[in-house]
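Structure record follows, encoded as structure tokens.
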Amino acid sequence: MQLAIQLIFGQVGIDQIIDNGAATSQSVAQGWDKQWLDLLQNNTSNNLYGALTNLGIFFAVGTLLFFMVQFLKDLISYEYTRPISALIWPFIVVLLLSNSGNGSILSNLTLGVRNFLNTVNQQVLVTADANKTYQQALNMSVAEEVAGSFLRPCQSLTGEQQSQCFIKAAEKVNVLWRKYREIYGNKSWINRLQTKVDNIRYGTGIVSETSFNSLLGSTVQTSIKNFLVSLQYAFQNLIEVTMLLIAALGPLAVGGSLLPVAGKPIFAWLTGFLSIGIAKISFNIIAVLTAAVIVNGPGQNASVDPDLMWFIIFLGILAPIVSLLVAAAGGFAVFSAISNTASLVNERI
């Protein structure tokens with residue numbers, strides 16, 4: 001979920017900022033998609049994935065020696081039943097690591113699983129209307145700071161200079177309110193924030209620091225919110241790069257799967273890949289549900305002026321931790337299921 005947050009503290013037009021933020025978010029998402037294709041499908045004979053595939057083949061050749069020793073031992077001890085069932089692994093390894101230059105079977109399967117997880121994730125976002133709900137909740141949380149960034153320079157001025165400063169700042173802030181109404185409609189929280197800004201703009205006398213902080217938040221709070229919003233975006237990109245890293249290490253896991261051990265490395269690799277997918281989906285579900293509570297609660301009541309700092313803390317720190325814990329539990333369950341299924345199949349064949 002890559003959505004634009006307008007934490008702006010300069011003289012750039014608000015309308016341009018919002019449009020550029022959305023374009024940047026879309027560009028980042030497309031960049032990740034291109035990176036997946038470049039790594040797993042385009043010219044895999046000479047790129048990083050091709051080199052790791054060759055290393056995986058080297059591992060497979062090395063572990064084949066251990067496999068043959070165990071195979072001969074089982075052939076002597078168990079006659080033919082267990083050795084014949086074990087013969088499937090060399091064929092699986094050879095099949096998955098065969099590289100035609102435009103992607104191996106393993107890379108195509110990996111890309112397919114990633115696309116499936118992204119489709120499920122997108123369905124979650126579309127069903128919950130995340131593009132409106134999530135972004136609206138974030139904008140509710142930071143809109144005061146955005147407006148304050150334009151009004152705060154007027155605080156130190158007096159008389160006519162302050163009046164002129166407020167007029168220029170109000171022009172920029174009004175663009176923000178207009179853009180919000182174009183996106184979300186005439187919401188109560190927008191009217192509430194506009195009233196707060198008007199109270200400062202049309203107030204009489206010098207506006208104190210206390211008044212600014214009570215209406216538009218302190219500069220320290222603004223910095224903290226900016227950091228936490230960046231932190232949750234960093235977590236989302238970390239999820240993407242971790243999935244890509246695990247995907248790239250797939251050939252090594254396949255190459256080591258000929259080792260005569262109960263827990264095959266390919267099972268651990270698949271579990272890790274699915275776990276990261278679960279973490280991504282979990283984070284977005286948590287974010288969307290929490291955002292819906294804010295939008296449908298305080299966002300609909302013009303008389304309520306909530307401090308949404310907790311929401312930013314939740315997204316930047318707590319939601320990533322919870323999603324990783326859920327992913328760890330889900331990954332353990334997936335690994336147990338795969339291992340038990342493999343053992344059952346081994347016994348039946």
Side-chain angles (χ1 to χ4, degrees), residues 1-9 12-32 118 121-149 172-194 217 222 224-237 239-240 280-301 304 306-320 323:
M1 186 192 306
Q2 301 289 342
L3 299 168
I5 306 301
Q6 295 81 42
L7 284 174
I8 309 303
F9 303 98
V12 185
I14 288 290
D15 53 345
Q16 182 182 356
I17 289 165
I18 294 178
D19 294 338
N20 287 348
T24 300
S25 298
Q26 184 65 25
S27 177
V28 170
Q30 292 174 353
W32 280 117
N118 273 2
N121 183 63
Q122 192 61 32
Q123 288 175 346
V124 170
L125 300 181
V126 171
T127 302
D129 194 20
N131 287 336
K132 288 289 183 68
T133 305
Y134 178 73
Q135 190 180 36
Q136 187 175 173
L138 282 174
N139 280 324
M140 285 177 60
S141 304
V142 302
E144 291 184 358
E145 281 72 20
V146 176
S149 68
K172 299 175 183 177
V173 176
N174 286 336
V175 174
L176 178 65
W177 305 144
R178 188 180 71 249
K179 292 295 291 186
Y180 280 164
R181 289 190 173 98
E182 288 176 359
I183 298 173
Y184 309 120
N186 192 26
K187 298 294 185 180
S188 299
W189 65 270
I190 301 176
N191 297 330
R192 180 177 68 243
L193 291 177
Q194 186 173 11
T222 299
I224 294 174
K225 284 187 176 182
N226 194 10
F227 171 74
L228 292 174
V229 169
S230 299
L231 192 64
Q232 63 106 357
Y233 280 143
F235 175 75
Q236 294 180 51
N237 283 281
I239 289 290
E240 289 289 344
K280 180 178 181 179
I281 295 172
S282 298
F283 176 83
N284 287 333
I285 291 175
I286 292 171
V288 168
L289 292 178
T290 310
V293 170
I294 293 174
V295 171
N296 297 326
Q300 302 295 333
N301 193 338
V304 175
D307 181 6
L308 297 180
M309 186 66 180
W310 70 268
F311 178 60
I312 303 298
I313 295 174
F314 189 82
L315 287 182
I317 301 176
L318 300 181
S323 61

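- How far CG of Asn174 is from NZ of Lys179: 14.5 Å, rounded to the nearest 0.5 Å.
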(request) Please report the C-alpha distance between Trp310 and Ile313 in whole Å, then the side-chain angles of each, then the deciding distance to 0.1 Å, and finally whether the side-chain contact (heavy atoms from CB on, under 4.5 Å) criterion is met. (result) CA-CA 5 Å; Trp310 70 268; Ile313 295 174; 5.6 Å; no

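- Taking 4.5 Å as the limit, some side-chain heavy atom of Met309 sits within range of a side-chain heavy atom of Leu228.
- For Gly185 against Ile190, the heavy-atom pair with the smallest separation is O-CD1, 3.6 Å.
- Between the CZ atom in Phe235 and the CG atom in Leu315 there is a gap of 11.0 Å [rounded to 0.5 Å].
- For the pair Ile281 and Asn121, the tightest heavy-atom approach, listed with the atom from each and the gap, is CA-OD1, 3.8 Å.
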(request) Given side-chain contact (heavy atoms from CB on, under 4.5 Å), test Gln194 with Leu176 step by step and report yes or no. (result) CA-CA 10 Å; Gln194 186 173 11; Leu176 178 65; over 6 Å; no

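- Residue Asn118 holds its CG atom at 6.0 Å from CD of Glu240, rounded to the nearest 0.5 Å.
- The shortest heavy-atom contact between Thr133 and Val295 is O-CG2, 3.6 Å.
- Note that CD1 of Ile294 and CZ of Phe311 are 4.5 Å apart. Values are rounded to the nearest 0.5 Å.
- The side chain to side chain donor-acceptor pair (under 3.5 Å) test with Asn139 is passed by exactly one of Trp189, Tyr134, Tyr184: Tyr184.
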(request) With side chain to side chain donor-acceptor pair (under 3.5 Å) as the test, would you mind laying out the steps for Gln232 and Gln236 before giving the verdict? (result) CA-CA 6 Å; Gln232 63 106 357; Gln236 294 180 51; 2.7 Å; yes

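- With rounding to the nearest 0.5 angstrom, the CG atom of Leu289 is 10.5 Å from the CG atom of Asn284.
- Side-chain contact between Lys187 and Gln136 is present, with heavy atoms from C-beta onward closer than 4.5 Å.
- The shortest distance between side-chain heavy atoms of Phe283 and Ile239 does not fall below 4.5 Å.
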